[in-house]
Structures are given as C-alpha cells and as structure tokens.
Amino acid sequence: MGGEAYVSRARWTWKALILALCLWGFNSVSSAARLSASRQKLEVQKHLNRLNKPAVKSIKSPDGDVIDCIHISHQPAFDHPYLKDHKIQMRPTYHPEGLFDENKVSEKPKERSNPITQLWHVNGKCPEDTIPVRRTKEDDVLRASSVKRYGRKKHRTIPKPRSADPDLVNESGHQHAIAYVEGDKYYGARATINVWEPKIQQPNEFSLSQLWILGGSFGEDLNSIEAGWQVSPDLYGDNNTRLFTYWTSDAYQATGCYNLLCSGFIQINSEIAMGASISPVSAFRSSQYDISILVWKDPKEGHWWMQFGNDYVLGYWPSFLFSYLAESASMIEWGGEVVNSEPDSQHTSTQMGSGRFPEEGFGKASYFRNIQVVDDSNNLKAPKGIGTFTEQSNCYDVQTGSNGDWGHYFYFGGPGRNPNCP
Ligand SMILES: *[C@@H]1O[C@H](CO)[C@@H](O)[C@H](O)[C@H]1NC(C)=O
Ligand SMILES: *[C@@H]1O[C@H](CO)[C@@H](O)[C@H](O)[C@H]1NC(C)=O
C-alpha cells in the first residue's frame, strides 16, 4: 500500500515537474518573443525619429498623409556626414530652358501650367524657409521587409535594353516598357508624363512611370537618378498616384532611396512634397492630366537639379553622391515599370500606364510627350536614335512617334494578364 502511495506521489511529482518545465519553457519562449518584438519596436521608433524631423507646422492631407513643414536646414540630407558643412544652393547657376538667364526670359512666355497639384494643398501651405515632408508612420515601416529595406528598391530593377540577359531580366519579376537613348554624354532629360492611377493586383507590386538618368555599366556600381509617379501600396499604404524620386550609386545596394527617406537629395522647394499624392489623375476617354519633369546637371557646381512642372525647382542631388554621374549620364530611359510577382503562377494583372495598350492612343493609352535630353552644351535637344524595350510586348508595350506639338513622344503600357499574356 505504502509503496503504491509512494509511486503515485512520485508520479504526481514528475507530472508537476514536467508541467513546471513546460510553463517555464513557454514563458521563456514568450518572453523572448516579447523581447524581440519590443526590440523591433525600438528599432522602428529610432528609424522614425531619424526620418521625421521636428516640424514647424503640420498639415493633414485628405488622403490621410501628414505633411510636416521642416526647417530647410533640418532636412534628412544634413544627416549625411559629407553634408555637415554644406551651404544650401537656393537656385541652380544654370537652367537649360534659360529660366535664370535674364536675357532669355522674354523670349519664352512662361505658361502657368495645368491644374495639377498635390492633394494636401487644400489644407494649407508650408511657411517660408521650410520644406514639406510626408511624415513616415509606424505602419509604413512595418510593411517593409525590414527597417533597413524601408524606402529602398530591390536589386536589379533597371531595364537593360541592348545586352539584356533574358534570364536576369525575367528573374527579377520587373517588367518594363520604355524608350531610351544611349551612346552619348547626357547632362539631363525632360518629359511630360501622362498621370493615371493603375490598378495593382498585390500589395507587394507597384506600377510607375518615370525617367531614368543612368551612369556606369549595369554592374554593381550603376548610378541612377529617377523621377516620376508611382502607385505602391507597400511603400505608401494606399493606391494613390504619388510623385517620387529615387537615386542610387551602387545598383540599389547600400546607397540611395525613394524621396527623402535617406540623406542625399537636398530640397529647397516649400510647395511640393516628395511622395505626396498627385491630383487629379486622368480618366479613360475623359480629362487627361500630365506632369513635367526636368532633371539637369548644373555645369558649375555639378549637382543634378530637378524641376517639377514649369514653376517648381524642387532641389538637387549633390554631385559627390555619385561616381559616374559626377561626370555625365551614359543613358536615358523613359517609360513604365511594374512588379510581376506572378500571383497564382500567372502573370500579374497589375496595370502599367492606363492599363491600355499603346495602339489605343490619346485619352485611352498613357503617354510621355516632349521627351528631350540635355546635351554637352547644356541645351535641351530632341533625343537621337531612340530605341524601345519591353520584356513581353503581349503584357505591356511601347510605341514611339513624333510631331510638331508633342515633339518626340510614345504611348506605353498595358493590362498585364490577358489571353495573350497568361
Ligand atoms: C521573359 O519570359 C517570357 C515568358 O517566359 C518570354 O516570353 C519572354 O521572351 C522573356 N523575355 C525576355 C526579354 O527574354
Ligand atoms: C488597392 O487596390 C486593390 C485592388 O486593386 C484593393 O484590393 C486594395 O484593397 C486597395 N488598397 C487600399 C489600401 O485601398
């Protein structure tokens, strides 16, 4: 009897011990999880503190964005060690359209352009000596694959026309329909870009229309300056069409980012926020809207300047950020790019441009018009020897043309998945 009691007590003790061990194990697992969660929260918070500088004033946009007016000398660029003692250039020394050449101003009546603006303008303006910066929210960072990757493109997203290695191009899952020029020295480019709001099938995909200013080979040291509009649910948390810029000096590895999400670009303009929604956008067989973008190299300082529309000189990328582009660009590209993540092993139905093929023409297909390059005498010129490139023309295509009004132009885009693009 006594023996049995002893055995059952021993069993009970064993059970209790195992239970206690389990509880202890469970507890330590969950506290490890808690610890790593709080570590991540801390990391995200630190990153947000780096990005979101103290605001002089904040403006709430109808799309849910908060636009912070940051004192111009407190912008993210000045976190860069090389920019500690940088004196901000409040205007370029040279403009390829002669905007700052007093003799030329009278020649060119300045058209106050189309009604395109940014959505947040309905709720206020930033004061002088500040720049508008889209506030980064915790959710924005959490949507990224890691805090480090937030605001960055994945590798190898450059369309590589001539010597394209097909496997590599297709492997990356990025699809393009572009026009390009190469084989010369370029000191800038401009385009007027039709604005649409293409549908994105998966949040981790995007659709954009932009120009690329490229320097170097397509290797690990590629230099790129990019600007245009994009719809990117992962980056912004919605499907709005937004103005964006990008730069890298090492093929998207360690340097560069979208907008002001790292130090690099120096903004001087108080009216236009990078990454903010553009409004209105074009509608099928209805009103068409476009934006003009000009990027050029200041021959004196060597910085790459960017202008939006006819009226807004946004700021510049300092020359020291780049290796090849410190001299000149070797290739210019204009056009569309989407990410095809092949959901359900089919081609994505994410749209490029308006989601229509080029042959549909004005009011239906999306266009780039008046595409130009800046030549070695710093003048805007028609691009010579335009090539086109697309990975799969049954999914997205491009068609060039030229006429008096539109100069060199092209229609581009498409619906992605369709019977000819399964
Ligand atoms: C990419 O892959 C598609 C489908 O596999 C193929 O039809 C197309 O030719 C490829 N593109 C290039 C540039 O090789
Ligand atoms: C974006 O659009 C997709 C469909 O195109 C929709 O499923 C998704 O809910 C939209 N996302 C937001 C944040 O509105």
Side-chain angles (χ1 to χ4, degrees), residues 44 48 51-52 59-67 118-120 122-123 134-147 149-154 157 173-177 193-210 228-244 258-259 261 273-287 289 336-357 360 364-366 392 394-397 412-422:
V44 169
L48 289 174
L51 291 173
N52 297 323
I59 298 164
K60 196 143 177 40
S61 170
D63 61 4
D65 279 1
V66 176
I67 302 295
Q118 294 193 313
L119 211 48
W120 62 276
V122 300
N123 288 336
R134 177 183 185 268
R135 187 185 297 173
T136 299
K137 298 183 177 133
E138 192 175 347
D139 283 346
D140 292 333
V141 181
L142 291 177
R143 276 192 308 273
S145 59
S146 74
V147 169
R149 292 306 309 169
Y150 172 65
R152 295 214 172 146
K153 270 194 185 180
K154 298 197 179 79
T157 62
H174 288 243
Q175 303 252 296
H176 308 86
I193 312 174
N194 200 192
V195 181
W196 292 83
E197 193 180 286
K199 292 241 174 329
I200 311 297
Q201 193 190 335
Q202 301 285 326
N204 63 342
E205 299 178 334
F206 64 65
S207 181
L208 54 75
S209 296
Q210 63 166 85
W229 60 255
Q230 67 180 166
V231 179
S232 176
D234 255 4
L235 189 57
Y236 303 105
D238 61 23
N239 293 319
N240 291 354
T241 302
R242 292 163 177 279
L243 175 71
F244 83 95
Y258 283 109
N259 306 328
L261 295 174
M274 306 279 208
S277 302
I278 301 174
S279 168
V281 298
S282 307
F284 188 67
R285 289 193 161 154
S286 181
S287 305
Y289 296 92
E337 173 181 351
V338 304
V339 175
N340 171 25
S341 66
E342 296 195 18
D344 338 309
S345 314
Q346 289 183 294
H347 195 285
T348 183
S349 59
T350 287
Q351 300 174 327
M352 183 190 292
S354 67
R356 301 285 175 146
F357 282 113
E360 294 204 50
K364 297 165 214 156
S366 186
Q392 288 173 269
N394 290 337
C395 307
Y396 311 102
D397 206 1
F412 74 105
R417 187 192 306 170
N418 71 75
N420 297 321
C421 170

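Counting starts at 1 for both ligands and their atoms, in listed order. The structure presented is a predicted model; accordingly, all values stated were derived computationally and were not measured.
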Taking side-chain contact (heavy atoms from CB on, under 4.5 Å) as the definition, give me every residue that meets it alongside N52, ordered by chain and number, with sequence neighbours left out.
L48, R135, T136
Please name the residue in the list E205, Q202, E342 that meets the side-chain hydrogen bond (donor to acceptor under 3.5 Å, both in side chains) test with T348.
E205
For ligand 2, protein residues within the heavy-atom limit of under 4.0 Å are K199, I200, G237, D238, N239
Verify whether one side chain among Q210 and Q230 offers a donor that lies under 3.5 Å from an acceptor in the other.
no
Starting from the C-alpha separation in whole Å, work towards a yes-or-no answer on ring pair (Phe, Tyr, Trp, His ring centres under 6.0 Å) for H174 and F206.
CA-CA 9 Å; H174 288 243; F206 64 65; 5.7 Å; yes
Residues two or more places apart in sequence or in another chain: which of them pass salt bridge (charged side-chain N to carboxylate O under 4.0 Å, His left out) with R417?
D344
Partners meeting side-chain contact (heavy atoms from CB on, under 4.5 Å) with D238 (sequence neighbours left out):
Y236, N240, R242
